[in-house]
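Quick notes on the structure that follows.
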Amino acid sequence: MAAAFAAIGGKWKLTLLYWLAHGECHFAGLRRRGAPITPKVLAEQLRELEADGLVERDETGPVPAPVIYRLTPYGKTVLPVVEHVRAWGEAHLEHTHGETAPGAAMACADAVA
C-alpha cells in the first residue's frame, strides 16, 4: 500500500486524476476548476504524477503556449481506484447527511468512464 499512497496519495492527486479522466487539460484550465489549490502545489502534484508515469505533459510550443496534461495509458489503470474512491465519497456524504460536503469545485459527481 505504501507504493500506492506514494503515487496517488495526498490532497490533490486523486482529484487531478479524476479531472484528467474527463479529458486533457492545460495548467490554467486545471487552476480554473475553482479548487483552492495554489499554482505552486498544482505544479508539484502534476510533476509527481508525471514522474510516476500517470500523467504526461505536452508542451504545445514556445512559452507562453499552454502545456497540456493528459493521463498516460498507465495512468488510466488507476481510474478504477479513482472511481471507487469517488463512489465511496458519495456514500459517505449520505452516511454523514452531507455534513462533510465539499465545495462545488471539489464535487466529483460524474462517474469515471
Side-chain angles (χ1 to χ4, degrees):
M1 284 194 32
F5 282 121
I8 63 172
K11 187 172 182 180
W12 296 106
K13 288 182 180 177
L14 285 174
T15 302
L16 291 169
L17 292 167
Y18 172 84
W19 288 341
L20 292 172
H22 290 91
E24 63 184 29
C25 196
H26 52 83
F27 188 89
L30 292 170
R31 280 280 301 135
R32 277 195 294 261
R33 296 279 183 160
I37 183 171
T38 65
K40 178 185 176 208
V41 172
L42 176 59
E44 288 171 358
Q45 296 288 277
L46 287 168
R47 264 190 242 111
E48 289 175 17
L49 289 167
E50 184 181 8
D52 286 322
L54 300 172
V55 169
E56 65 184 1
R57 180 179 193 270
D58 181 20
E59 296 180 17
T60 61
V63 174
V67 175
I68 303 295
Y69 292 91
R70 70 179 61 86
L71 293 178
T72 63
Y74 181 62
K76 291 177 183 177
T77 67
V78 79
L79 293 183
V81 174
V82 174
E83 177 56 20
H84 283 299
V85 171
R86 186 201 66 78
W88 184 88
E90 284 187 356
H92 181 66
L93 286 176
E94 290 177 19
H95 178 76
T96 62
H97 307 291
E99 293 172 15
T100 58
M106 291 297 295
C108 297
D110 298 326
V112 173

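- Between atom CG of residue Leu30 and atom CH2 of residue Trp19 there is a gap of 7.0 Å, rounded to the nearest 0.5 Å.
- The distance from atom CG of Leu71 to atom NE2 of His22, rounded to the nearest 0.5 Å, is 10.5 Å.
- Grouping the Ile, Leu, Val, Met, Phe, Trp and Tyr side chains by contacts below 4.5 angstrom, directly or via other members, places Val81 with Trp12.
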Please output the side-chain donor-acceptor pairs of residues 45-56 that fall under 3.5 Å, not counting sequence neighbours, one pair per line with the distance.
from, atom 1, to, atom 2, distance (Å)
Glu48, OE1, Lys13, NZ, 2.8
Glu56, OE2, Arg70, NH1, 3.3

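- Residue Leu17 is grouped with residue Val41 when hydrophobic side chains (ILVMFWY) are merged at heavy-atom distances under 4.5 angstrom, including chains of intermediate members.
- A donor-acceptor pair under 3.5 Å links the side-chain atoms of Arg31 to the main chain of Ile37, judged by distance alone.
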Worksheet item: Given the rule in the side chain to side chain contact (heavy atoms under 4.5 Å, CB included) test, do Val78 and Leu14 qualify, once you have shown the distances and angles that lead to the verdict?
Response: CA-CA 9 Å; Val78 79; Leu14 285 174; 5.6 Å; no
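- Rounding to the nearest 0.5 angstrom, the gap separating the CD atom in Glu59 from the CD1 atom in Ile68 is 11.0 Å.
- Taken to the nearest 0.5 Å, the CZ atom of Arg86 stands 4.0 Å off from the CD atom of Glu83.
- Listed by chain and number, the residues in a side chain to side chain donor-acceptor pair (under 3.5 Å) with Glu94 amount to none (sequence neighbours excluded).
- The CG atom of Asp58 sits 7.5 Å away from the CD atom of Glu24 when rounded to the nearest 0.5 Å.
- Remark: Leu79 CG to Leu20 CG distance equals 9.5 Å, nearest 0.5 Å.
- The list of ring pair (Phe, Tyr, Trp, His ring centres under 6.0 Å) pairs with a residue in residues 53-87, not counting sequence neighbours, is empty.
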